[in-house]
Amino acid sequence: MICLKDIVKTYNKGKSNAYEALHGISMEIGDGEMAAVIGTSGAGKSTLLHILACIDGYDSGEYTIDGEEVGKISERQMAQERNEKIGMVMQDFALVEGFTALDNVMIPLDFADRKRHRKRKERRERALEMLELVGMAEFAEKQTNNLSGGQKQRVAIAWAIVNDPSIILADEPTGALDSATTREIMKVFRDLNEQGRTIIIVTHDPEVAEECSRVIRIEDGRIVNEDFDNVD
Ligand code: ADP
């Protein structure tokens, strides 16, 4: 369970150009929910997502994952938390060009498994399993720069889930895709959600928001309304 209480975030704190981007955000997202965060450009969506992803800190308030307060742990623990509990999907896919799809998906495993000493063959099998899950097994040996946008995003989703995170955070994951491909990618997210993962998607695409069971709207650094049970 993700719980935010009165989170305030100021950029350039203490300087003349200080800017309070989040004015006190409170929300709870239960295990297994699929939520969209929507709002106009500049509303604070990415700021919120970066805090949720443990990429960025905050000035005041409380952020807990499964009862553990994120603000109180060290940078190293934060990185570990991110690695174990959170999978991140970005708009621009963030894949290593020149690497195959399989090699890309193995990167987070190599990083996480150093301590666990899982054999390369096992890591490879795990990465292949993930590619299969997102419908990309037949492209495993293809370099990612030769893939379409939708295919790249599938690989990026496999990359995000390879360490089996319980939470998937996505920042405009369909922003660079046409509407048919957007629907395909949303099906992948829905399937992952049905398998029990919590999913939070920042989007300005109403079609994407419609696919989520809950919509959280942010305006000017505040939650302005929440629409539960968005989908019948
Ligand atoms: P959104 O994702 O909804 O478009 P952001 O979270 O990116 O909005 O930005 C919220 C506000 O914070 C905007 O006014 C933006 O200009 C400001 N902002 C974002 N990042 C920074 C930064 N690194 N330094 C200063 N201001 C920032």
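Just so you know, these numbers come straight off a predicted model, no measurement behind them. As the structure lists them, so they are numbered: ligands from 1, and atoms in each ligand from 1. The figures that follow rest on heavy atoms only: side chains count, while hydrogens, waters and symmetry mates do not.
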Show me the donor-acceptor pairs, under 3.5 Å and distance only, between side chains in residues 51-61 and residues at least two apart or in other chains.
unit_1 : atom_1 : unit_2 : atom_2 : d
Y58    : OH     : Y63    : N      : 3.4
Y58    : OH     : G71    : N      : 3.1
D59    : OD2    : T10    : N      : 2.7
D59    : OD2    : T10    : OG1    : 2.6

Going by the side chain to side chain contact (heavy atoms under 4.5 Å, CB included) test, name the single residue among I157, L128, I161, D191 that passes it with L133.
I161

Can you work out which protein residues put a heavy atom within less than 4.0 Å of ligand 1?
Y11, N12, Y19, A21, T40, S41, G42, A43, G44, K45, S46, T47

Run the side chain to side chain contact (heavy atoms under 4.5 Å, CB included) test against A156 and tell me which residues pass, sequence neighbours left out.
F93, L95, Q153

Out of I7, V202, L4, which residue meets the side chain to side chain contact (heavy atoms under 4.5 Å, CB included) rule with L48?
L4

R183: which residues meet the salt bridge (Lys or Arg N to Asp or Glu O under 4.0 Å) condition with it, sequence neighbours left out?
E207

Quick one: does T144's side chain have a donor or acceptor within less than 3.5 Å of a partner on A101's backbone?
no

